[in-house]
Amino acid sequence: MKPYNHTRIEQKWQKRWAKDRIYESKESAKKKACYVLDMFPYPSGEGLHVGHPKGYIASDVYARYKRMSGYSVLHPMGWDAFGLPAENYALEHKVHPQTAVAKNIARFKEQLQHIGFDYDWKREINTTDPSYYKWTQWIFLQLFKKGLAYQSNEPINWCPSCKTGLANEDLEGGACERCGTTVEQKKIPQWVLKITDYADRLLSDLDTLPWSEHIKELQRNWIGKSEGAEIDFLVSESDIKIKIFTTRPDTLFGATYMVLAPEHPLVVQLMEQAKNKEEVSRYVALALKKTPKERAENKEKTGVELRGVKAINPGTKEEIPIFVADYVLEHVGTGAIMAVPAHDERDFEFAKKFNLPVRHVVESTESSILSNSGNFDGMDSEEAKKKITDAFGVPKTTYKLRDWVFSRQRYWGEPIPVIHCKTCGVVPVPEKDLPVLLPKVTSYEPSGTGESPLATMAKWVNTKCPECGEKGRRETNTMPQWAGSSWYYLRYMDPDNTRALVFSKKEKYWAPVDTYVGGIEHATRHLIYARFWHKFLFDMGVVSTSEPFQKLHTVGLVLAEDGRKMSKRYKNTIDPDDVIKLYGADSLRLYEMFMGPFENTITWNTNSLIGVRRFVERVWRLQEHVQNADVSELQSVLHRTVKKVGEDIGAFKFNTAISTLMIFLNAVEKERGIGKSQWKSFLKLLSPFAPHIADELWSALSNKKSIHVESWPTYEEKFLTEETVIIALQINGKTRGETTISTQADTAEYERVAREALSERLKNLEVVRVVVVPKRLVNIVVKVTS
RNA sequence: GGGUAGGUGGCGGAAUUGGUAUACGCGCUAGGCUUAGGACCUAGUCCCGCAAGGGUUGCGAGUUCGAGUCUCGCCCUACCCACCA
């Protein structure tokens, strides 16, 4: 037996697989499709560390298992290479993003290939490739034509450090998610996608998805649906109406004052009529200077009354004061509230500070009953919500989800394919002229002026209007980094198609994605954006399913050995190439799957990796102990292993699948040998996890074809059960020994055996009852004398 | 404040869904083999106890013949959202 040389074996098989093209995906009338997808990476300059491939290894194991189980498998890989991370890297290293991206991709690809994945590299995609982003632009044009992409001048989140506008999803606690800088509100013309039109479907279709409740709940919170009513409050002695939104219309009679957000358009107008105009104006100016974060942090309520101006509570018909206060936010509801201090904590706090009346209108004892509410007294609050809405307002549903700010004032993104014309307005670039190529520029540094660096490219910007042929200007904003990733999974199905985004027949074969694997950080960004675009494409008839991804598995982080996140910044990253050199790709793969439940965050531990490597070497040595005849003592455990490993891979429970393989190996070593056909089955079970050594040992049995195109072993029920089984003997539920019993035994036999085995202990005790659980235990219940 | 997932040895974690808690692996201890070991083999390793025996799944109650698993109350951890009207 040669010593186990992982480097030689792994390089040999990686070359062989590529040469024999065993992983190429084909649409096959005879086979069912199984689309296994990884969230494709940004090819950052830092290369991969051992945390990155964890999800890829899992999807690889699953894809191999599915292929061996008779499915036609699509398991592709590609690059999400547009956007700020790639551009910032390029700026920092003073190279053109294109050059940096090409270099980084080469490095990533090399690292991935060393791990031995079964990707079909013929389907590799790159979001920065014009033949790819042609279709990203095409989707934008369709959105534009359906009125779902529009221009807006509303203030948006602006990161002064990245010098670009950002979507709500790009923020983390009021700061730029990428660089941590507090964002400002800035008024610059923006392209916005009307994702809110899809809010309801994005929400309700979650119920149809087999995703974890955790992810679904994250999306539900993000969409943030609230149902309530809009009610107009009239300003006294005028015809000005203040529209408010409330989820508690039943408390209308308890509204003792009103509040407007400082940004509310009516503030300017009402201020004119107020006796304390100066004071109000000062307050508003101060409030507007605060960042959203500062406003949220300062929980101490502040505000100012518009003195001399009153509103009329439509329920009580009483005059109530109007305040301007920054605890009311412009973008929530209508930016104005009716304040009900008796039933809202924030209003109560404010009322206390400003000495405002508190009127209870809902008695919440066992049920909620209205009082002090005129005709509605005595009514149940749920009923009152409807009745009061009908009488004074209109039902209204609002969402926290806001339309998707879709333009970036940066260079490295897909150009937005529209032309501005003085006579024709905004004109879409004709589809035949796609893609609108991103021009090569000499300076791609962000300008910070609210315009992208493309604006300085006169030659590129100045063009003809496709409608009237007169002078036109190209849109110079680019798309956000989320654009290309919002539909990439469709392109893998048909990556070289020049005439359509995806050929419908291919889409129908592969869709939807059976299993999608990636990080939880994408729960409220990528996964919402992709679902939105997919639903739009579904409405357009481009795709055949209303949801893109069926099963979703989130991968847990791999922390560095110091317990911190792996990061170049902490100098604690581990390069998979180094691990592979020392211990081999098979050991790396097995270890990452064995380290714990797939979705758990787990600390890297080199000792545990060495333990897995020991397992691999024991498997290697086992080839010396393969005999022609099967070892009958191993039949039962083998069949149970086949069942368990298959079930566990299907359920993404890789850690227990591997422990089952280890248990089997322990059994083989105890028997000091294994039959040839048993050995073959075992190698197949091992092959998704450790594809190189499995193929090496498989070929050593004079097999000509790769183990990876073999079929998955099956188990027989008759081998799953043993002839005898060990059962527990209990007295009053406490285990008092164990015994071996035939699996054929009947209840009476169980009871007899148990009474006999426990006869010493049962002396002088009165048996009240005997509980028999076949193949598990016998519990003898005795009378307790105290 | 709201939501979601959790809390089992020194560590990562198992537990057939109410049926012998601590599988598998790491680490550790002892012995063997070896010039040597990131090698291998054997035995041991939840806690108390010399033993017989007793105890143990964050804490406290409950249901049950039987609870890591179900119910109620409390404590703690992680992640997400949050002056959301």
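Reminder, nothing fancy here: chain letters follow the sequence lines and each chain counts from 1.
- Separating the NZ atom of A:K400 from the C1' atom of B:A85 is a distance of 14 Å, rounded to the nearest angstrom.
- Atom CZ in A:F594 sits about 10 Å away from atom C1' in B:A14, given to the nearest Å.
- Side-chain contact between A:L661 and A:V619 is absent, with no heavy-atom pair separated by less than 4.5 Å.
- In this structure, of B:A15, B:U4, B:G25, it is B:A15 that holds the atom nearest to the side chain of A:K653.
- Across the protein-nucleic acid pair, A:I337 atom CD1 and B:C84 atom P stand 10 Å apart, rounded to whole Å.
- Closest to the side chain of A:L329, out of B:A15, B:A85, B:G25, is B:A85.
- Under the Watson-Crick or G-U wobble criterion, with both distances below 3.5 Å, B:U69 has no partner in any strand shown.
- A donor atom on one side chain and an acceptor atom on the other are not found under 3.5 Å apart for A:E349 and A:Y327.
- With distances taken from any side-chain atom of A:N600 to the nucleotides B:C26, B:G13, B:G3, the minimum falls on B:G13.
- The base of B:C83 lies close enough to the side chain of A:K301 for a donor and an acceptor atom to sit less than 3.5 Å apart.
- One interatomic measurement links the two molecules: CD of A:E617 to P of B:G25, which rounds to 15 Å at whole-angstrom precision.
- Donor-acceptor pairing under 3.5 Å, judged by distance alone, is absent between the side chain of A:N221 and the base of B:C81.
- The CG-C1' distance, from A:D347 to B:C83, rounds to 10 Å in whole Å.
- Of the C1' atoms belonging to B:U69 and B:U57, the separation is 10 Å, rounded to the nearest Å.
- Nucleotides of RNA chain B nearest to A:T603 and A:G733 differ in position, and the one nearer the 5' end is that of A:T603.
- Closest to the side chain of A:H214, out of B:G19, B:G3, B:C83, is B:G3.
- To the nearest angstrom, P of B:U22 lies 13 Å from CD1 of A:I663.
- Side-chain polar atoms of A:T641 and A:T660 form no donor-acceptor pair below 3.5 angstrom.
- Rounded to whole Å, atom P of B:C80 lies 12 Å from atom CH2 of A:W222.
- Following rounding to the nearest Å, A:F615 (CZ) and B:G38 (P) show an atom-to-atom distance of 23 Å.
- Scanning atom types as modelled, one donor and one acceptor separated by under 3.5 angstrom connect the side chain of A:R776 and the base of B:U16.
- For B:A30 and B:U77, the P atoms lie 39 Å apart once the distance is rounded to whole Å.
- Just one residue in the list A:F348, A:F350, A:F233 forms a ring pair (Phe, Tyr, Trp, His ring centres under 6.0 Å) with A:Y257, and that residue is A:F350.
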